[in-house]
Amino acid sequence: MSREKTQAPKQAETVTSEADVSRLKGERLKKLALLKESGINPYPYRFDRTHKAQVLQEKYKDLPNGVETQDEVKVCGRVLNERNTWLFVDLWDDSGKIQLFCHKDNLTEDQLKTLRMLDKGDFLGATGTVRRTNKGELSIKVTDFQVLGKSLLPLPDSWSGFTDVEARYRHRYVDMIIHPQVRATFAKRSQTIRYMRRFLDDHDFLEVETPTLQVEAGGADARPFVTHHNALDLELYLRIATELHLKRLVVGGMERVYEIGRIFRNEGISTRHNPEFTMMEMYCAYGDYNELMDFTEKMLRYVAENVLGTAEFSYQGQEISFAKPFRRLRMLDAIKEATGKDLGETETYQQALDIANELGVKVEKGNTRGHVINAIFEEKAEHLLQQPTFIIDYPVEISPLTKAHRSNPGEVERFELFVYGRELANGYSELTDPLDQRARLEDQASKKAAGDDEAMPLDLDFIMAMEYGMPPTMGIGIGIDRLVMLLTDSASIRDVIAFPTMKPRS
RNA sequence: GCACUAGUAGCUCAGCGGUAGAGCAGGCGCCUCUUAAGCGCUUGGUCGAAGGUUCGAAUCCUUCCUGGUGCACCA
């Protein structure tokens, strides 16, 4: 605390020297000083607006050109453009634009002087009457105005735009000021979560919260972030999934639960991966994966219809339909469709590996028939799945938390949903047999001990929970960021995460 | 982690061995019914960083930093 105080004067010096260095900021600091000298507070407390821009545009849409009303309104927002030396000012709020008409006939000498102390980027509140100019622009004939927040830094110019991707991610607020599209994307992100939540709530689910800090990070194959708790002198992991805790709640009698939360995985960054991302996981007692696919389909359709107004949309030039029934395809059949090879005829790791070699698929992870099948699927079939497709019946070896298939040996009742060749969701009939679960997790733990840092740890309390008895349960995880990418036609996951993970500068 | 690619004024870009440029933004003045944009004049740069080659480097070479795209990892 005392350290901060001693540093305070130094910070003040920095601001001054920056002003010397940056002439653009310096010009604005001069205007700020001028405002203060004129007795104006450039950072006041509030403004009572009567209308948002969009409301006025709508209300006066039939007002003819050149017609003035006597209707007095108060509007406020950020100045993004100015023409004819502040005669015309484009004021933007979160609904849209309204033009201010600042004619000298309607303003005092002092007000005209104040007008010259403004900059693009400033927040302004204006009072005046509604009129439409001869050229057809709805405007406020300003009779009074207040500075609501002085801006000290220049915005990118609106004509050439703001295209430096790095700058847009690092300074998202500028990106959002300049690009209404970006604001719209994040509004849709919010709505996506809202309607998913509403759908689940309407189906009697309870929203819950489970620990982010965990002693062992389980529930998925991924490397975790490590952190440290000082008071306990304890190494902790950031969660890589919410699954194991949500299932404990099902054991506890909460029959329908879900969590929408941040997940952390210590993996590479790409257009489809951010180290922290948002996942919706839900668990529902007494259902199986067949029912879960029906449910998922309905939920996604509901979300799309409410966010977009339609369940059919275009993603990166590809028409995607959430309206039509989603195709359901066994993994082995997907491989057969893609390659002509029937892995169902193989029985051993070696037989499967021979086919992989024949297809030129490298199997770099795992040494079981299931791993080979999965590798072939991922390399040969996955990218073909453009329209929503449930790939069902996965190999047991890559699914340690999933119930064995009721009729196909070696398989589990699991599906993944693919859209545009990308995984969007992962669901299954949950494994509820504690003896089977213990055996599978012990197998995982031995792999972990053997050096597989993505294998799951042995969570004994999770097994104990299951030993108390668990009902048949269906459960799914949906990648929210990827869903938002689809609904907003965003090419990169960074476009749907307001503050994506970036390396620090210098 | 690997490959390719980029970094020049506040923004968008040109320049690719010979004195750092343009448009917009900014400043000053005039102007007051404009829509990218009234008119005139004008300020503005560690060319991402550090080395090297050269008489001379924004430009060529090396290393590093930070992005983007693809691959790998993964969801």
Looking only at N and O atoms, is any donor in the side chain of A/Arg131 or the base of B/C33 less than 3.5 Å from an acceptor on the other one? yes
When you compare B/G40 with B/C31, how far apart are their C1' atoms, in angstrom units rounded to a whole number? 11 Å
Quick one: which of B/G68, B/G67, B/U34 gets closest to the side chain of A/Arg494? B/G68
Pairing partner of B/C71, by Watson-Crick or G-U wobble and under 3.5 Å for both distances, is B/G1
Does A/Asn81 make a side-chain N or O approach to OP1 or OP2 of B/A37 shorter than 4.0 Å? yes
If you take atom types as modelled and just measure distance, does the side chain of A/Thr163 reach the base of B/U12 with a donor-acceptor pair under 3.5 Å? no
Give one of base, sugar-phosphate or nothing for A/Phe277, where a contact means two heavy atoms less than 4.0 Å apart. base
Could you check whether A/Phe88 gets within reach of a base, just the sugar-phosphate, or nothing at all, counting any heavy atom under 4.0 Å? base
Which of B/G68, B/A75, B/G10 is nearest the side chain of A/Glu423? It is B/A75
For residues A/Phe322 and A/Phe313, establish whether the separation of their ring centroids is below 6.0 Å. yes
Quick one: does A/Glu137's side chain have a donor or acceptor within less than 3.5 Å of a partner on A/Asn134's backbone? no
Would you kindly give the CZ-to-P distance between A/Arg23 and B/U43, to the nearest whole Å? 11 Å
Side chains of A/Arg414 and A/Ser399: is there a donor and an acceptor less than 3.5 Å apart? yes
Which base, if any, makes a Watson-Crick or G-U wobble pair with B/A6, both distances under 3.5 Å? B/U66
For the pair made of CD in A/Glu82 and C1' in B/A25, what is the distance, rounded to whole Å? 11 Å
Closest-nucleotide mapping onto RNA chain B: is A/Ser492 or A/Asp481 further toward the 5' terminus? I mean the 5' end. A/Ser492
If pairing requires Watson-Crick or G-U wobble contacts with both distances under 3.5 Å, which nucleotide is the partner of B/G40? B/C28
Closest nucleotide among B/C33, B/U34, B/A75 to the A/Ser139 side chain: B/U34
When both distances are under 3.5 Å in a Watson-Crick or G-U wobble arrangement, the nucleotide paired with B/U35 is none
Any base atoms under 4.0 Å from A/Lys31, or only sugar-phosphate, or nothing? Heavy atoms, all strands. sugar-phosphate
A/Phe415 and A/Tyr428 aromatic centres sub-6.0 Å: no
N or O in side chain of A/Arg83 less than 4.0 angstrom from B/U32 OP1/OP2: no
Please identify which of these residues, A/Met331, A/Glu411, A/His371, meets the side-chain contact (heavy atoms from CB on, under 4.5 Å) condition with A/Pro395. A/Met331
Mate of B/A58 where both pairing distances stay under 3.5 Å, Watson-Crick or G-U: none
Members of residues 89-110 of chain A that approach RNA chain B, where some heavy atom sits under 4.0 Å away: A/Gln99, A/Phe101, A/His103, A/Lys104
Parallel, tilted or perpendicular for A/Phe377 and A/Phe418, by the 30°/60° rule? perpendicular
Which heavy atom of A/Ala241 sits nearest a heavy atom of A/Gly218, and at what distance? CB-O, 3.8 Å
Using a cut-off of less than 4.0 Å, is there contact between a side-chain N or O of A/Arg170 and OP1 or OP2 of B/G67? yes
Any strand counts, and the cut-off is 3.5 Å on both contacts for Watson-Crick or G-U wobble. Which nucleotide pairs with B/A20? none
Using whole Å, report how far NZ of A/Lys135 lies from P of B/A37. 13 Å
Identify whether any heavy atom of A/Asn65 sits under 4.0 Å from a base atom; if not, whether one sits that close to sugar-phosphate; answer base, sugar-phosphate or nothing. nothing
Answer with base, sugar-phosphate or nothing: what part of the nucleic acid does A/Glu137 contact at a heavy-atom distance below 4.0 Å? base
What does A/Thr271 touch in the nucleic acid at a heavy-atom separation under 4.0 angstrom: a base, only the sugar-phosphate, or nothing? sugar-phosphate
Expressed as a whole number of Å, how far does the P atom of B/G67 sit from that of B/U54? 35 Å
Can you see if the side chain of A/Arg223 gets near the phosphate of B/A75 - specifically, an N or O under 4.0 Å from OP1 or OP2? no
Protein-nucleotide distance (A/His383, atom NE2; B/C71, atom P), rounded to Å: 12 Å
With a 3.5 Å distance limit and no angle check, can you tell me whether A/Arg189 reaches the backbone of A/Val484 through a side-chain donor-acceptor pair? no
Scanning all shown strands, the Watson-Crick or wobble mate of B/U53 with both distances under 3.5 Å is none
Given the rule in the side-chain hydrogen bond (donor to acceptor under 3.5 Å, both in side chains) test, do A/Asp495 and A/Ser492 qualify, once you have shown the distances and angles that lead to the verdict? CA-CA 5 Å; A/Asp495 295 327; A/Ser492 170; 4.6 Å; no
Could you tell me whether the side chain of A/Ser270 has a donor or acceptor atom within less than 3.5 Å of a complementary atom in the base of B/G70? no
Is the distance from OP1 or OP2 of B/C71 to the nearest side-chain N or O of A/Arg272 less than 4.0 Å? yes
Can you see which heavy atom on A/Thr242 is nearest to which on A/Glu259, and at what distance? CG2-OE1, 3.5 Å
Roughly how many Å is it from CE in A/Met117 to C1' in B/G27, rounded to a whole number? 16 Å
Does A/Arg422 reach a base, just sugar-phosphate, or nothing at all? Heavy atoms under 4.0 Å. nothing
Distance, C1' atom - from B/G56 to B/A22, rounded to whole angstrom: 26 Å
Taking the P atom in each of B/G68 and B/U32, what is the distance between them to the nearest angstrom? 50 Å
If you measure from the C1' atom in B/A57 to the same atom in B/G17, how many Å do you get, rounded? 7 Å
Report which part of the nucleic acid A/Gly479 touches: base, sugar-phosphate, or nothing (heavy-atom distance under 4.0 Å, all strands). nothing
Take the protein atom CG of A/Leu87 and the nucleotide atom P of B/A37, then report the distance between them rounded to whole Å. 13 Å
For atom P, what is the distance between B/A14 and B/U42, given to the nearest Å? 27 Å
By nearest atom, which of the nucleotides B/C31, B/A75, B/A25 is closest to the A/Arg116 side chain? B/C31
Would you measure the distance from the C1' atom in B/A49 across to the matching atom in B/A58 and give it in whole Å? 14 Å
Presence of A/Asn84 side-chain N/O under 4.0 Å of B/C31 phosphate oxygens OP1/OP2: no
Gap between atoms CH2 and P, on A/Trp86 and B/U32 respectively (whole Å): 19 Å
Side chain of A/Ser160: nearest nucleotide among B/A25, B/U66, B/C11? B/C11
Is it the case that A/Asp93 and A/Ser95 place a side-chain donor and acceptor less than 3.5 Å from each other? yes
Just checking A/Met502: base, sugar-phosphate only, or nothing, at a heavy-atom cut-off of under 4.0 Å? sugar-phosphate
C1'-based separation of B/G23 from B/U69 [nearest Å]: 29 Å
Separation of B/G48 P from A/Glu166 CD (nearest whole Å): 13 Å
Tested for ring pair (Phe, Tyr, Trp, His ring centres under 6.0 Å) against A/Phe205, the lone hit among A/Phe199, A/Tyr283, A/Phe295 is A/Phe295
